[in-house]
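The block underneath contains the structure these notes are about, expressed in structure tokens.
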Amino acid sequence: QVQLVESGGGLVQAGGSLRLSCAASDRTLSRYVMGWFRQPPRKEREFVAATSSSGEITYYADSVKGRFTISRDNAKNTVNLQMNSLKPEDTAVYYCAGRLSSTIRAGQSDYNYWGQGTQVTVSA
């Protein structure tokens with residue numbers, strides 16, 4: 001019954017950077033695959049990035065590859081999403097999600113723990 005809480009969202013200008021954090025209540029976070037999803041205005045929720053339970057493997061959506069970086073610190077029970085070179089199309093509610101598995105996944109249905117979401121707005 002892990003609880004996830006996102007933070008770090010806000011308003012930034014295009015080209016800027018923002019770092020999102022996800023705090024997990026489970027001290028055994030190393031057992032979870034962790035991912036980030038986002039839902040832009042008037043669009044469906046989409047996959048952004050994921051990291052294996054050990055953090056050794058990462059996977060990114062093509063739209064953010066090279067700009068976003070997912071990382072985790074299992075000792076601190078946190079997962080981060082560093083977002084650089086932000087674009088207006090990155091504007092969305094960003095969600096942290098967890099999956100009790102060592103197998104990395106990119107589908108919403110593969111994750112059974114979700115945070116409340118944090119708003120990221122990128123101005124032109």
Side-chain angles (χ1 to χ4, degrees):
Q1 300 297 328
V2 63
Q3 304 294 314
L4 304 175
V5 180
E6 304 96 333
S7 63
L11 175 64
V12 298
Q13 67 271 36
S17 298
L18 203 61
R19 187 178 183 86
L20 304 182
S21 295
C22 175
S25 63
D26 199 330
R27 60 185 178 86
T28 60
L29 190 65
S30 61
R31 300 172 61 194
Y32 293 83
V33 168
M34 300 299 295
W36 286 94
F37 293 78
R38 69 185 183 185
Q39 185 168 12
R42 301 174 298 280
K43 293 183 175 63
E44 297 295 312
R45 188 177 298 181
E46 62 186 28
F47 170 78
V48 175
T51 180
S52 62
S53 57
S54 66
E56 295 179 350
I57 302 173
T58 57
Y59 182 63
Y60 299 90
D62 290 339
S63 59
V64 306
K65 191 173 184 179
R67 299 189 297 120
F68 291 11
T69 303
I70 187 172
S71 61
R72 67 192 300 161
D73 188 337
N74 290 334
K76 296 182 178 179
N77 298 325
T78 58
V79 181
N80 301 307
L81 184 68
Q82 179 65 46
M83 305 183 293
N84 298 326
S85 301
L86 284 164
K87 306 174 181 179
E89 48 263 47
D90 293 320
T91 295
V93 176
Y94 283 71
Y95 298 88
C96 176
R99 165 185 167 85
L100 188 56
S101 174
S102 61
T103 304
I104 195 167
R105 294 288 187 177
Q108 295 183 57
S109 298
D110 297 316
Y111 293 82
N112 46 11
Y113 299 102
W114 293 82
Q116 82 288 349
T118 185
Q119 177 70 48
V120 172
T121 302
V122 184
S123 61

Item to complete: Answer yes or no: is there a donor N or O on one side and an acceptor on the other, between the side chain of Gln116 and the main chain of Val5, under 3.5 Å?
Response: no
Worksheet entry | Set of residues satisfying side-chain contact (heavy atoms from CB on, under 4.5 Å) with respect to Ser7, sequence neighbours excluded | Ser21
Worksheet item: With Tyr59, which residues qualify under side-chain contact (heavy atoms from CB on, under 4.5 Å), at least two apart?
Response: Phe47, Ile104, Ala106
Worksheet item: Can you pull the salt bridge (Lys or Arg N to Asp or Glu O under 4.0 Å) pairs that have at least one residue in residues 37-46, sequence neighbours excluded?
Response: Arg38-Glu46, Arg38-Asp90
Item to complete: Only pairs at least two apart or in different chains count here, so list each disulfide bond (SG atoms under 2.5 Å apart) that has a residue in residues 31-124.
Response: Cys22-Cys96
Item to complete: Report the residues that fulfil side chain to side chain donor-acceptor pair (under 3.5 Å) with Arg105, sequence neighbours left out, ordered by chain and then residue number.
Response: none
Practice prompt. Look at the side chain of Arg99 and the backbone N and O of Val33, then say whether any donor-acceptor pair between them is shorter than 3.5 Å.
Written response: no
Discussion item. As a quick check of understanding, evaluate side chain to side chain donor-acceptor pair (under 3.5 Å) for Gln82 and Asn80, giving each step before the final call.
Written reply: CA-CA 6 Å; Gln82 179 65 46; Asn80 301 307; over 6 Å; no
Worksheet item: Between CG of Asp110 and OG1 of Thr103, what distance do you get to the nearest 0.5 Å?
Response: 9.5 Å
Worksheet, complete the sentence: Those residues at least two apart in sequence (or on a different chain) that pass side chain to side chain donor-acceptor pair (under 3.5 Å) with Gln108 are none
Fill in: Evaluation steps, side chain to side chain contact (heavy atoms under 4.5 Å, CB included), between Arg19 and Ser71
CA-CA 11 Å; Arg19 187 178 183 86; Ser71 61; 3.9 Å; yes
Discussion item. Could you report the tightest heavy-atom contact between Pro88 and Ala14, atom names first, then the distance?
Written reply: CD-CB, 4.1 Å
Worksheet, complete the sentence: Here the gap from Gln3 atom CD to Asn77 atom CG, rounded to the nearest 0.5 Å, amounts to 13.0 Å
Worksheet item: When clusters are formed from ILVMFWY side-chain contacts under 4.5 Å, directly or step by step, what else is grouped with Leu86?
Response: Val2, Leu4, Val12, Leu18, Leu20, Leu29, Tyr32, Met34, Trp36, Val48, Tyr60, Val64, Phe68, Ile70, Val79, Leu81, Met83, Tyr94, Leu100, Tyr113, Val120, Val122
Worksheet item: Can you pull the disulfide bond (SG atoms under 2.5 Å apart) pairs that have at least one residue in residues 58-88, sequence neighbours excluded?
Response: none
Practice prompt. Just do the side chain to side chain contact (heavy atoms under 4.5 Å, CB included) check on Arg31 and Ser53 with the steps written out, would you?
Written response: CA-CA 6 Å; Arg31 300 172 61 194; Ser53 57; 5.9 Å; no
Discussion item. Thr121: which residues meet the side chain to side chain donor-acceptor pair (under 3.5 Å) condition with it, sequence neighbours left out?
Written reply: Gln119
Worksheet item: Can you list every ring pair (Phe, Tyr, Trp, His ring centres under 6.0 Å) pair that touches residues 2-28, not counting sequence neighbours?
Response: none
Worksheet entry | Pairs touching residues 69-82 that satisfy salt bridge (Lys or Arg N to Asp or Glu O under 4.0 Å), sequence neighbours left out | none
Worksheet, complete the sentence: Across all chains, not counting sequence neighbours, the side chain to side chain donor-acceptor pair (under 3.5 Å) partners of Asn112 are none
Worksheet entry | Euclidean distance, Asn74 CG relative to Ser30 OG, rounded to 0.5 Å | 5.0 Å
Practice prompt. May I ask you to decide if the ring planes of Phe37 and Trp114 are parallel, tilted or perpendicular, using 30° and 60° as cut-offs?
Written response: tilted
